[in-house]
Amino acid sequence: MSLFFPQKITLGYKALMNAKLVKLTQRPAFIICLLSLILAVTAVLPRVSSQLSFEQFANNNLSTIINQSLESGFNDTDIFSYLTDQLETTYQRIETESVLPIIKSCSMQIIDWKVNQELPISSISATTVTWKEGALQHQLLFELDCHYNLLNWFIFFILCSTLSLLVFSFWPTPYSHRQQQWLLQTSNTLNRSQQIEFNKFIDALTSPQYQWLETHITKKQWQTSALLNCIKHNNFRLLDSEQLFWLDIAFSQSDNLDDAITIAKHDDNLIFGLKEKVIFVHGLKIKLPITPFFYYYWYASKRLQDQHQGWLLNPASTKPDRQLGEELAKLMSEYGGSTRAINDLLENGLTPKKLDQNRNRIKDELISLLGETHAETYLFSSKRDLKTTRFSYRLTIDGQKVSFT
């Protein structure tokens, strides 16, 4: 007798068009469980298949074979031993046939045979065959003792494991609550393919980053492709809410994403580039008008040197300060300041009006770029001198955060 096993296993699944792929390399526990399941299935399934095949064969043929072998009534006490010997001899070796046989062969072992009686409960691996002969109800209990072909089993295990991992690597995972929310919120602003691309990275974002993305999608502050590249960037996922503000400022000045993220992560300091006559605020390069730049640099040098804790008293409105005028004019001459501004300081000295005008121009430039809240750190603090009733000014930022290049 030959047993035939199914040779083709059809794998099917309903693909979801809008899903992210499972990252198997990030799920070692899942891989271990999957391989353990495959190991169990490839070991047990062939045996179960053999047992079911033989059970079907037995139901169809054993009653005929037994009845033909009987030469006397069932009351004969030797008939059970006789038939057991006959059946076990006949089915001592049951060969299996398939392209890749995992079960090499099986042999039949009779456990019990009852007529018009219930068979006792036996092991789960035992098989019961029942048939009628007139008023007699026959039940035959037997087991199959199967021998595995280990090489074929190992090949089958490797094939099943490889195919399963390949299938599950492309199996879509269910959407998280945030992903579902994202699809609903962007249904009118993004096309379907764009939604899917964003959805792959949504769960990796912190709450401030997700809110930032929602705002930019809604207000269309960036191009969609730039936003997608941004959330893909590993360093973007390290930014906090304050750094996200600087990211926007930096990207508005230059569409280089790497540079913008670098500026966003930059230290909160103020650097003066004397050669180019520019300032770097939080790493962001800003070009000021040349004369306000030198006034700003002059105040910064006082803060850095901690002269009078950086405070600089405005001259009297009726008496320009010629000494400070010469000091500032010398600074401008050394680094290429405006000839007109230099001559005015040398001839007329430093007046409160000149200081106020240049501080205000600095303030206007920084607020227009950074906004009032963030510009405040880099602007001026003031206090009134009780003796003269005049105001003193200094940079708000700590002198340790000021440097020159």
Side-chain angles (χ1 to χ4, degrees), residues 242 245-246 249 266-338 341-342 344-346 348-405:
E242 177 68 14
F245 165 81
W246 289 104
I249 296 296
H266 201 278
D267 292 334
D268 191 16
N269 54 18
L270 176 62
I271 301 173
F272 287 81
L274 293 173
K275 185 175 181 181
E276 295 182 73
K277 301 176 183 63
V278 294
I279 61 173
F280 294 88
V281 175
H282 201 282
L284 180 66
K285 185 177 180 179
I286 301 175
K287 183 74 173 178
L288 292 175
I290 188 166
T291 298
F293 168 81
F294 281 108
Y295 274 83
Y296 198 23
Y297 170 73
W298 187 51
Y299 273 103
S301 65
K302 303 294 183 182
R303 192 74 165 100
L304 179 63
Q305 297 166 11
D306 201 28
Q307 295 180 5
H308 307 291
Q309 297 181 332
W311 292 104
L312 188 64
L313 182 65
N314 268 8
S317 58
T318 57
K319 187 180 179 181
D321 192 320
R322 293 190 175 277
Q323 182 179 351
L324 289 179
E326 291 176 0
E327 180 184 323
L328 185 53
K330 181 180 179 182
L331 178 67
M332 291 182 178
S333 298
E334 185 177 353
Y335 293 105
S338 166
I342 294 171
D344 181 44
L345 287 169
L346 292 175
N348 303 312
L350 185 63
T351 65
K353 182 178 180 181
K354 292 174 186 175
L355 288 171
D356 290 343
Q357 285 178 339
N358 282 279
R359 281 196 309 270
N360 287 333
R361 290 188 67 184
I362 295 167
K363 179 180 179 180
D364 291 341
E365 291 286 340
L366 293 186
I367 287 179
S368 67
L369 183 61
L370 306 179
E372 189 169 351
T373 301
H374 287 81
E376 184 178 357
T377 303
Y378 303 94
L379 294 177
F380 300 89
S381 300
S382 64
K383 67 177 182 178
R384 184 185 288 270
D385 182 69
L386 298 178
K387 184 182 295 187
T388 64
T389 69
R390 287 179 279 160
F391 281 95
S392 295
Y393 293 88
R394 73 173 182 182
L395 290 189
T396 301
I397 192 171
D398 193 301
Q400 295 181 349
K401 295 184 177 182
V402 178
S403 60
F404 309 130
T405 61

**OP:** Please lay out, stage by stage, how Arg361 and Tyr295 fare under the test side-chain hydrogen bond (donor to acceptor under 3.5 Å, both in side chains).
**Re:** CA-CA 10 Å; Arg361 290 188 67 184; Tyr295 274 83; over 6 Å; no
Original post:
Passes side-chain contact (heavy atoms from CB on, under 4.5 Å), Leu370 versus Leu284? Steps please.
Top reply: CA-CA 10 Å; Leu370 306 179; Leu284 180 66; 4.2 Å; yes
**OP:** Please report the C-alpha distance between Phe294 and Ser338 in whole Å, then the side-chain angles of each, then the deciding distance to 0.1 Å, and finally whether the side-chain contact (heavy atoms from CB on, under 4.5 Å) criterion is met.
**Re:** CA-CA 10 Å; Phe294 281 108; Ser338 166; over 6 Å; no
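Nearest heavy-atom pair, Leu355 versus Trp298, reported as atom, atom and distance to 0.1 Å: CD2-CZ3, 3.9 Å. For Thr291 against Ala341, the heavy-atom pair with the smallest separation is OG1-CB, 3.8 Å. Taking every heavy atom of both residues into account, Leu313 and Phe391 meet most closely at CD1-O, 3.6 Å. Summarising the geometry of Arg303 relative to Asp398, their closest heavy-atom pair is NH2-CA, 4.1 Å, with the distance given to 0.1 Å. Between Ala300 and Phe272 the shortest heavy-atom distance is CB-CE1, 3.3 Å. Heavy atoms only, all atoms of each residue included: Leu350 and Lys354 are closest at CD1-CB, 4.5 Å.
Around CD of Glu242, the count of heavy atoms belonging to other residues, nucleotides or ligands within 6.0 Å exceeds 12. By the 6.0 Å contact criterion, CD on Gln305 is enclosed, its count of non-hydrogen atoms from other residues, nucleotides or ligands being greater than 12.
Identified under the salt bridge (charged side-chain N to carboxylate O under 4.0 Å, His left out) test for residues 320-338, with sequence neighbours left out: Lys302-Glu327. Counting only residues at least two apart or on different chains, the salt bridge (charged side-chain N to carboxylate O under 4.0 Å, His left out) pairs with a member in residues 276-290 are Glu276-Lys285.
For the pair Pro320 and Asn348, the minimum side-chain heavy-atom distance is 4.5 Å or more. A 4.5 Å side-chain heavy-atom check between Trp246 and His266 finds every atom pair outside the cut-off. Side chains of Phe293 and Val278 form no contact here, defined as non-hydrogen atoms less than 4.5 Å apart. When side chains are defined from C-beta on, Leu270 counts as touching Tyr296, because their heavy atoms get closer than 4.5 Å. Side-chain contact between Lys353 and Gln357 is present, with heavy atoms from C-beta onward closer than 4.5 Å.
Rounded to the nearest 0.5 angstrom, Phe380 CZ and Ile397 CD1 are separated by 12.0 Å. Taking CG of Asp268 as the reference point, atom OG1 of Thr377 lies at 6.0 Å (rounded to 0.5 Å). The distance from atom CG of Leu366 to atom CD1 of Ile279, rounded to the nearest 0.5 Å, is 5.0 Å. Atom CG in Asn314 sits 5.5 Å away from atom CG in Asp356 (nearest 0.5 Å). Here Tyr378 contributes atom OH and Lys401 contributes atom NZ; the two are 7.5 Å apart, rounded to the nearest 0.5 Å. Atom OH of residue Tyr299 and atom OG1 of residue Thr396 lie 12.0 Å apart, to the nearest 0.5 angstrom.
Looking at Arg394, its side chain does come within 3.5 Å of a backbone N or O of Gln309 through a donor-acceptor pair.
Tyr297 and Tyr335 have perpendicular rings, their planes meeting at more than 60° on a 0 to 90° scale where under 30° would count as parallel.
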